Amino acid sequence: MNDQISKELLLSCKKRDKQAFSELCKSYERYLFTLCFRYAGNEHDALDLVQEIYIKIFRFIDKYNIDKPFHPWIRKVAVNTCLNFIREIKSNVISLNAVANNNVPLEEILPSCEDLEYRIEKIELKKTIEKLLKELTPRQRMVISLRYYEDLTYKDIALTLDQPIGTVKTDLYRARNALKEYLSGEMEV
């Protein structure tokens, strides 16, 4: 993802230039997929969310203010799309893709100098955290993702979610407590 998307590219996108839009999508592809995957918890839903975000960007790019940074705008579109995704799901049906997607990332499979026991513990902790994230409320999941994966400040999270800072802090507090309780329960087992 480019930290600075050129104004020329964005102006071309506003003029509905397909090649420019394609270039913009490629620039944000990894970022958006990572954000959506953390939120949805599986590859299939994450890809659907990314596609929906691209559609929204294409539809509403003309409302984007070219004089403001692009990254916060696209992040807000992505966050709102993810939050709406959960609202649209009427039941807590678990996608079969979540079960099928137990692949360990290649970087954790490749041989390295790390001790095997440490690597296994790291993989198990990662699985535990991913499992917990699925148990949090959609808003808590998004706040955790924005705070710890995006490294946003409370103020930036509040602006992104259109929530008061106090609500963001409360959601983070509750999510961290849920994480702590869950992890202490896992450690007892």
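As the structure is a computational prediction, the values presented were derived from the model and not from experiment.
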Side chain to side chain contact (heavy atoms under 4.5 Å, CB included) with E52: of N84, I57, T81, L47, only one passes, and it is T81
Could you check whether the rings of Y28 and Y31 sit parallel, tilted or perpendicular, using 30° and 60° as the cut-offs?
perpendicular
Shortest non-hydrogen pair, C36 vs I53, comes out as SG-CD1, 3.5 Å
Is there any side chain to side chain donor-acceptor pair (under 3.5 Å) pair reaching into residues 9-22, and which pairs are they, with sequence neighbours excluded?
none
Any side-chain heavy atom of V143 sitting closer than 4.5 Å to one from Q163?
no
CZ of R30 to OG1 of T34, rounded to nearest 0.5 Å, is 7.0 Å
Shared hydrophobic cluster, I165 / M142 (ILVMFWY, side-chain heavy atoms < 4.5 Å):
yes
Hydrophobic cluster identity match, Y148 and L152, side-chain contacts under 4.5 Å
yes
Check A40 against A46 and note the closest heavy-atom contact, atom names and distance.
CB-N, 4.1 Å
Can you list every pair that meets salt bridge (charged side-chain N to carboxylate O under 4.0 Å, His left out) and has a residue in residues 146-156, with sequence neighbours left out?
none
Apply ring pair (Phe, Tyr, Trp, His ring centres under 6.0 Å) to Y39 and list each qualifying residue two or more places apart in sequence or on a separate chain.
none
Using the rule that two of Ile, Leu, Val, Met, Phe, Trp, Tyr join whenever any of their side-chain heavy atoms come within less than 4.5 Å, decide whether V168 and Y149 are in one cluster.
yes
For L24 and C13, the nearest pair of non-hydrogen atoms, with its separation, is CD2-SG, 3.9 Å
Does Y64 reach the main-chain N or O of F70 with its side chain, forming a donor-acceptor pair under 3.5 Å?
yes
Does anything in residues 8-27 pair up under ring pair (Phe, Tyr, Trp, His ring centres under 6.0 Å), and if so which pairs, sequence neighbours excluded?
F21-F58
For a quick test of reading the model, state the closest non-hydrogen atom pair linking T160 to R75 and the distance between them.
OG1-NE, 3.8 Å
Does the side chain of S145 come within less than 4.5 Å of L35's, by heavy atoms?
yes
Is the shortest side-chain heavy-atom distance between R141 and T137 below 4.5 Å?
no
If you group Ile, Leu, Val, Met, Phe, Trp and Tyr by side-chain heavy-atom gaps below 4.5 Å, do Y173 and I144 land in one group?
no
So do the side chains of L32 and I74 get within less than 4.5 Å of each other, counting heavy atoms only?
yes
For residues 162-175, which residue pairs qualify under salt bridge (charged side-chain N to carboxylate O under 4.0 Å, His left out), counting only residues two or more places apart or in two chains?
K76-D162, R139-D171
Should we say atom CZ of F60 is surrounded by more than 12 heavy atoms from elsewhere, each under 6.0 Å from it?
yes
L159-L83 co-clustered via ILVMFWY side chain contacts under 4.5 Å:
no
Suppose we screen for ring pair (Phe, Tyr, Trp, His ring centres under 6.0 Å). Which residues come up paired with Y54, at least two apart in sequence or across chains?
none
